[in-house]
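Structure, as structure tokens:
Model, not experiment: these values are computed from the prediction.
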Amino acid sequence: MGNGFSTSDIPDLKGKTFLVTGANKGIGYQTALHLAKHHARVIFACRNGKKANMAMAKIRETLAPYSPQLEFLELDLNSLAQVASAARSFVDKGEQIDVLINNAGIMAVPYRLTQDGIESQFGCNHMGHFVFTTLLLPAIKRGTGRVVVLSSIAHKMTYSFGITDKLEQVYVDPAAPKPAENGGAKHPSEAVYTAANAYGQSKLANLLFAKALAARQPNLHVFAVHPGYVDTDLQRTGIKDAFGGFVATLSAALSTVAAKNPVNGARTTLAAATSPELDNETGLYLVPYGKVATPSTFGTDPDMQKRLWEMSMELVRRILGEQMVAEIERNMARTVE
């Protein structure tokens, strides 16, 4: 892939199943479209069923008279309980998937929390996918199965500490005093928060999770992807929320010249998901278009990988309980055999 992976390089995917989170728009939609175009079965794991069905209808219309295999799985990354339920419902069917693509995410939003009290970018971009992936492991084909995690070059623009080692900086314990009960002081997760750095932290978490999963699961092929600067709703909304309307307007103007369109934005994801050249690889960080790159110092730090994994499991323990922790640990142990 030295000259860049193209959609024309996608092999015939007949008989293979791909599960794509956030497949209803942007990079996720183009990923799903091109997988379906090459005869894959594609499962749209999305929060909004109406939007997912509209996206699937559009793909069916685009690919007519071919009738692609497209399905919907409800997935709300704001709720770890719903994420766990979605993963378990899929595993309980006894079906297998060839490739899981963790594509969904939010970007540079104002400070807010998920339903579980997790800072929203860390919660949606990392923790939702962490729980979904580790609970889906029994359904991912051993030996040939792949997991693709969308990170970003923004992983280099995180906080000065990289991934925090303080749980309270990404999680508001329901039992903790509320600001009004604490002299009006901001919770540590809000006090440290900047939209852009929190986004960078979540993208660093995506990268570290991919690296850690690759190390812990030798029978899987795991890749982190930077899709490039892509002109999508996520990019436009995130920049507006983080920097205001003027910067967003300027960015939109620059995007018409410099940004990749969503089709090109999907090319590196598609390379990670389908390229035969990666059949014997794992743990790589890929940049446009399917080229191997070296992440930041934080992104290659094994201690930070370990810290993130332990913190993620502690959040699972606090939010979903010991039984879920044990289930994830069983999945991790079983798929290493």
Side-chain angles (χ1 to χ4, degrees), residues 19 21-22 43 45-47 73-97 100-106 113-142 145 147-149 163-176 189 201-202 205-206 208-220 222 304-337:
L19 195 158
T21 70
I43 300 168
C46 306
R47 179 176 60 86
L73 175 68
E74 183 180 358
L75 180 70
D76 184 355
L77 296 169
N78 278 287
S79 167
L80 295 189
Q82 196 284 325
V83 169
S85 177
R88 283 170 151 178
S89 69
F90 189 88
V91 171
D92 287 347
K93 292 179 182 178
E95 299 181 13
Q96 294 250 287
I97 58 176
L100 168 63
I101 301 175
N102 290 332
N103 164 83
I106 58 176
L113 302 174
T114 69
Q115 293 179 29
D116 303 305
I118 306 173
E119 183 275 301
S120 63
Q121 296 191 79
F122 191 82
C124 292
N125 295 351
H126 168 63
M127 278 306 302
H129 284 122
F130 177 88
V131 172
F132 192 54
T133 302
T134 53
L135 291 178
L136 267 183
L137 284 175
I140 303 174
K141 290 183 179 178
R142 292 172 57 190
V147 176
V148 180
V149 183
I163 294 290
T164 181
D165 59 357
K166 297 179 175 63
L167 197 66
E168 63 187 17
Q169 288 185 352
V170 293
Y171 175 61
V172 178
D173 189 331
S189 65
Q201 177 176 240
S202 73
N206 291 149
L208 291 170
F209 172 52
K211 292 279 189 183
L213 187 65
R216 287 167 166 79
Q217 295 293 301
N219 290 315
L220 288 181
V222 188
M304 199 163 287
Q305 288 178 33
K306 183 173 182 288
R307 181 199 308 170
L308 174 68
W309 193 279
E310 290 173 350
M311 185 167 64
S312 300
M313 291 295 282
E314 179 60 24
L315 283 168
V316 172
R317 178 176 287 105
R318 294 192 182 201
I319 295 166
L320 299 177
E322 291 290 348
Q323 183 177 348
M324 194 66 69
V325 169
E327 184 172 340
I328 290 173
E329 290 176 343
R330 285 195 301 272
N331 288 346
M332 293 295 296
R334 182 166 54 239
T335 51
V336 169
E337 296 170 0

For Asn206 and Asn102, run side-chain contact (heavy atoms from CB on, under 4.5 Å): C-alpha distance rounded to whole Å, both residues' side-chain angles, the deciding distance at 0.1 Å, then the answer. CA-CA 9 Å; Asn206 291 149; Asn102 290 332; over 6 Å; no

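- The pair Arg317-Glu322 counts as a salt bridge, with a side-chain nitrogen and a carboxylate oxygen less than 4.0 angstrom apart.
- Residues Tyr171 and Glu314 form no side-chain contact, since every pair of their non-hydrogen atoms from C-beta on lies 4.5 Å or further apart.
- Here CG of Leu320 is found 7.5 Å from CD1 of Ile328. Values are rounded to the nearest 0.5 Å.
- A donor-acceptor pair is defined here as one N or O able to donate and one able to accept, closer than 3.5 Å; no such pair exists between the side chain of Asp76 and the backbone of Arg47.
- The OG atom of Ser312 sits 13.5 Å away from the NE2 atom of His129 when rounded to the nearest 0.5 Å.
- For the atom pair CG (Leu308) and CZ (Phe130), the distance works out to 7.5 Å, reported to the nearest 0.5 Å.
- At a threshold of 4.5 Å between non-hydrogen side-chain atoms, the residues Ile163 and Gln305 do not count as touching.
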Determine, step by step, whether Leu136 and Val147 satisfy the side-chain contact (heavy atoms from CB on, under 4.5 Å) criterion, reporting the C-alpha distance in whole Å, the side-chain angles of both residues, the deciding distance to 0.1 Å, and the verdict. CA-CA 11 Å; Leu136 267 183; Val147 176; over 6 Å; no

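- Counting only N and O atoms by type, the side chains of Ser202 and Gln121 include no donor and acceptor under 3.5 Å apart.
- Between Phe90 and Ile97 there is a side-chain heavy-atom pair separated by less than 4.5 Å.
- Side-chain contact between Met332 and Leu137 is present, with heavy atoms from C-beta onward closer than 4.5 Å.
- The backbone N or O of Gly22 lies less than 3.5 Å from a partner atom in the side chain of Asn103, making a donor-acceptor pair.
- Closest heavy-atom contact between Gln201 and Phe122: NE2-CD1, 4.2 Å.
- Between Gln96 and Lys141, the closest heavy-atom pair is OE1-CG, 3.4 Å.
- Side-chain contact between Val170 and Met127 is absent, with no heavy atoms from C-beta onward closer than 4.5 Å.
- Here the options are Leu135, Thr134, Ile140, the test is side chain to side chain contact (heavy atoms under 4.5 Å, CB included), and the partner is Asn331; only Leu135 passes.
- The CG atom of Leu208 sits 12.5 Å away from atom CG of Leu213, with the distance rounded to the nearest 0.5 Å.
- Residues Ala45 and Leu75 approach most closely at CB-CD2, 3.9 Å, considering heavy atoms.
- Annotation for Cys124 and Asn78: closest pair SG-OD1, 3.4 Å, computed over non-hydrogen atoms.
- In terms of heavy atoms, Arg88 sits closest to Gln323 at NH2-NE2, 4.4 Å.
- Contact check for Leu80 versus Ile118: side-chain heavy atoms found under the 4.5 Å cut-off.
- Distance check, rounded to the nearest 0.5 Å: CE of Met313 to CE of Met324 gives 10.5 Å.
- Rounding to the nearest 0.5 Å gives a distance of 4.5 Å between CD1 of Ile319 and CG of Asp116.
- Scanning both residues, Val91 and Ala139, for their nearest heavy atoms gives CG2-CB, 4.1 Å.
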